[in-house]
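Report on one structure; see the data block that follows.
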Number of protein chains: 2
Amino acid sequence: MPDPCQPVGPARPARGRAKLSDVAREAGVSPAVVSRLLRGDEKLRIREETRQRVLAVAAELRYTPNEVARALRRSEVGILGMAVHDTSNPVYSEILAGAQAEASAAGYALLLADADELARTGRTFERLVRGNRIDGLMLQRGPGGSDAAVAQIASTRLPLLLVNDRTRGEVGSVGLDDEAATYLATRHLAELGHTAIAHLHLGTPKARSAARTRGWRRALAEAGLPEGPQVRGGHTTGDGERAMRGLEPGSATGAVVSNVLAAVGAMSGARAQGLRVPDDLSIVAVHDVFFAPHLTPPLTVVRMPLRELGRRSVAALLRQLGGDRPPHEVVSEPEPELVVRASTAPPPRRPGRA
Amino acid sequence: MPDPCQPVGPARPARGRAKLSDVAREAGVSPAVVSRLLRGDEKLRIREETRQRVLAVAAELRYTPNEVARALRRSEVGILGMAVHDTSNPVYSEILAGAQAEASAAGYALLLADADELARTGRTFERLVRGNRIDGLMLQRGPGGSDAAVAQIASTRLPLLLVNDRTRGEVGSVGLDDEAATYLATRHLAELGHTAIAHLHLGTPKARSAARTRGWRRALAEAGLPEGPQVRGGHTTGDGERAMRGLEPGSATGAVVSNVLAAVGAMSGARAQGLRVPDDLSIVAVHDVFFAPHLTPPLTVVRMPLRELGRRSVAALLRQLGGDRPPHEVVSEPEPELVVRASTAPPPRRPGRA
DNA sequence: GCAGATCGGTAAAACGATTTACCGATGCCG
DNA sequence: CGGCATCGGTAAATCGTTTTACCGATCTGC
């Protein structure tokens, strides 16, 4: 029942919520007990009766700890940063969705940042990276993502993880099997009978781009095919469209495009040049996106576990916060999978090169 | 066990960054001066010489304030929450991108949350909404977003803003001119000569869905056309595909689809029924997305200022934090704009209804 | 020479939780 | 009855800033 002798202060302050000390006062114990009880301190010895009373008061007052105060005391905020180059790129937003889910499940929140802005090392950098606003940072380097920026961040000792990337050394990373992706894509074209297979490559970031090129080369070598033309495909539909113009007409009957957005552009570009897909040119892209089946023709892709990549990145970063060494993982479960749709077909009878 | 080998107070602690008191000590002033100087306190009178010295020390120590401590003291964290139903929906991620940009420009960070999870009023709700983790919350209600959840959040007195929605009363909102969108879309079809114009509507949320229906009705009325069939289109490609099955064959030669993803699905669905787009059926959607020009046929849409919506939402929420009354805005600049591509054409000679 | 102003700061109390060290009663054992 | 565990907690020091109130000198005017 309500305390008869309550001369001072309202039980629950008019403005603002109940705080720890309110619960303590109301339950007639010290704040320490409330904190230790609510946090499940093993070393706390407490009478069952007291425990119930404290819990009841906390519930009645709808006590919720002030996360900011906790964070200050514990020097741990329960927030992970996620720096993305382009939020509206469906590949990135898929990773983001996975990360959000995993973080949330682990009791963490996700703070969104712009990777480019971060790299400029200005106010955003100061506040986010050096201001104790986050416990760790996941960074998805975009096309222009420099090593210098990464070093800059790493030097602050903020736990850092490169997502969808591959590193060695002190900065950890969680990536995808990029080589397998282009390998599968290229092999698919080879199996269809293509002998002139181009690669529209990423350009940047270097590590990922190199792996994709390797996969393409390996598949060509295994099939005993010559290396087809290689042009820069980039990351956007515009890049892909431009890339098609750079591809010498007739130099290839199939193209492996290292990025799905570029592939979308490449299809438009091909059409603009009077090439029919897949009749004159087969196109296969890396990464599946929800609208790929609705393109015309539906786009053949290698599906990569993007959502899983997001999840695993968070898990890895969390382990790193726990003291583990920076991870160098490749998410290979589920495996990259070829999804055959209608943008690939056997090469035309009259081969491209005549 | 205390460390006997550790002499007192290193100038800059080995672990962790320089703090305010370090700067103060090093510069030979009190912490108050440093804080007030760095925060630009007008009332602070200080000798030029001292000012320079403090600034120099702060720079030398690379002092960055601990945002958590600031937040605690000021009861203001500098973080806005953004709760989204589906991160990987390109419409939402476009809004998100705008919000991120504006927040960042205003010196705020954006915390991402899952709207559905939030609505479940569990741990996430407690920590985010009642834990002082954010200064205000933007909520994009998804298909299942209930009023109860909104009321729940509003009752906590956390500044709340509904994004891409329309409200009256105590909960503010920033929305789009949904009626204009479907009006323009419908008028376009009418001008092409269509007389049987269907509406694949949203279903939920109610307010937005109703406005879209109104726009369609108004355009039909103005053109002196009868009301065509209306079926639930939903928000996903799958929904749109299903919706096409629900549309009686021949009952319409044109369809206004209230959501671009549903429109993508509708095109596939139409094809599955042997309908050619636009020869047999014209389709126009609300919202432009980057891949719309690359669909086949390229999708005619009404472009809405999604990114601007994100920006304006942040600006509105910030004003609300500043004490303004909850806004009820409609972002109408730039205006909804019809982007004619190839999914719309005059109706077939032999009218659908024949 | 003395009452104010003005200058150039300082002291100290918040903000709300966590955590370490310790403490006064009981109970138990010999 | 003395010693010492064990029980059931408590006190108080942080965490790093911000901000209000105030203070001792030095001028200034008369």
Side-chain angles (χ1 to χ4, degrees), chain A residues 9 12-13 15-54 58 61 63-78 126-127 130-133 135, chain B residues 1-3 9 12-13 15-55 58 61 63-78 126-127 130-133 135:
Chain A
R12 209 194 311 195
R15 290 164 51 81
R17 303 174 210 314
K19 48 193 180 187
L20 191 63
S21 57
D22 295 330
V23 177
R25 181 165 25 73
E26 207 75 0
V29 294
S30 78
V33 169
V34 182
S35 176
R36 298 174 62 191
L37 176 59
L38 262 33
R39 295 294 139 216
D41 180 346
E42 299 287 331
K43 294 185 292 297
L44 172 65
R45 310 266 70 204
I46 191 174
R47 228 175 321 170
E48 183 57 23
E49 174 196 326
T50 315
R51 166 201 298 274
Q52 294 307 335
R53 179 159 34 92
V54 172
L61 261 37
Y63 168 69
T64 311
N66 182 325
E67 296 290 340
V68 176
R70 292 195 65 193
L72 177 58
R73 178 59 231 247
R74 312 191 44 212
S75 6
E76 211 185 295
V77 292
E126 290 295 313
R127 300 182 63 153
R130 309 190 73 246
N132 289 69
R133 221 164 229 214
D135 294 328
Chain B
M1 189 78 82
D3 190 344
R12 209 197 307 197
R15 289 163 51 82
R17 302 173 211 314
K19 45 193 180 187
L20 191 63
S21 57
D22 295 330
V23 177
R25 181 165 23 74
E26 208 75 359
V29 294
S30 78
V33 169
V34 183
S35 175
R36 297 175 62 191
L37 175 59
L38 262 32
R39 294 293 139 217
D41 181 345
E42 299 287 331
K43 294 184 292 297
L44 172 66
R45 311 266 69 203
I46 191 175
R47 227 176 320 172
E48 183 57 22
E49 175 196 326
T50 314
R51 167 202 297 274
Q52 295 306 336
R53 180 159 33 92
V54 172
L55 256 25
L61 261 38
Y63 169 69
T64 311
N66 182 325
E67 297 290 340
V68 175
R70 292 195 66 193
L72 177 58
R73 177 59 231 242
R74 312 188 47 210
S75 6
E76 212 184 295
V77 292
E126 290 294 312
R127 299 182 63 152
R130 310 191 72 246
N132 290 69
R133 221 164 229 212
D135 293 328

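In what follows, every chain begins at residue 1, and chains take the letters A, B, ... in the order their sequences are listed. In this text, all values refer to a predicted model and were calculated from it rather than measured experimentally.
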Pairs under 3.5 angstrom, nitrogen or oxygen only, protein versus nucleotides 19-28 of chain D, please.
none

A:E67 CD to D:dC15 C1', in whole Å, measures 16 Å
How would you list, by chain and number, every residue that makes a side chain to side chain contact (heavy atoms under 4.5 Å, CB included) with B:S21, sequence neighbours excluded? B:K19
Whole angstrom value for the distance that separates P of C:dT6 from CZ of B:R47: 19 Å
The residue, B:S75 or B:V29, whose nearest nucleotide of DNA chain C is more 5′ is B:V29
What's the CG-C1' distance between A:L37 and C:dT18, to the nearest Å? 14 Å
Can I get a per-line list of side-chain donor-acceptor pairs under 3.5 Å for residues 68-75 of chain A, giving both atom names and the distance, sequence neighbours left out?
none

5' priority, DNA chain C, between B:E48 and B:A69 [closest heavy atom]: B:E48
Distance check, rounded to the nearest 0.5 Å: B:R127 atom CZ versus B:R133 atom CZ? 4.5 Å
Residues in side chain to side chain contact (heavy atoms under 4.5 Å, CB included) contact with A:E42, at least two apart in sequence or another chain: none
Under 4.0 Å between a side-chain N or O of A:Y63 and OP1 or OP2 of C:dA17? yes
For the pair made of CG in A:L38 and C1' in C:dG16, what is the distance, rounded to whole Å? 14 Å
Winner on side-chain proximity to A:K19, out of D:dC15, C:dG9, C:dC15, is C:dC15
Can you name the residues that form a side chain to side chain contact (heavy atoms under 4.5 Å, CB included) with A:L38, not counting sequence neighbours? A:V34, A:L55, A:Y63
Write down the atom of A:V77, the atom of A:N132, and the distance for their closest heavy-atom approach. CG1-O, 3.4 Å
Starting from C1' on D:dT17, measure out to CZ on A:R127 and report it in whole angstrom. 14 Å
Quick one: closest heavy-atom pair of A:A24 and A:S30, and the distance? CB-C, 3.7 Å
For B:T50 and C:dG8, is the shortest distance between a side-chain N/O and OP1 or OP2 below 4.0 Å? no
Taking the axis from the first five pairs and the axis from the last five, what angle separates them in the helix from C:dG1-D:dC30 to C:dG30-D:dC1, rounded to 10 degrees? 60°
Starting at CZ of B:R51 and ending at C1' of C:dG8, how long is that distance when rounded to a whole Å? 12 Å
Please report, rounded to the nearest Å, how far the P atom of C:dT18 is from the CG atom of A:L20. 7 Å
Give the minimum heavy-atom separation between A:R39 and A:P65, together with the two atoms involved. NH2-CG, 3.2 Å
Mind calculating the distance between CZ (B:R45) and P (C:dA5) to the nearest angstrom? 17 Å
Can you tell me how far CD of A:Q52 sits from CZ of A:R47, rounded to the nearest 0.5 angstrom? 13.0 Å
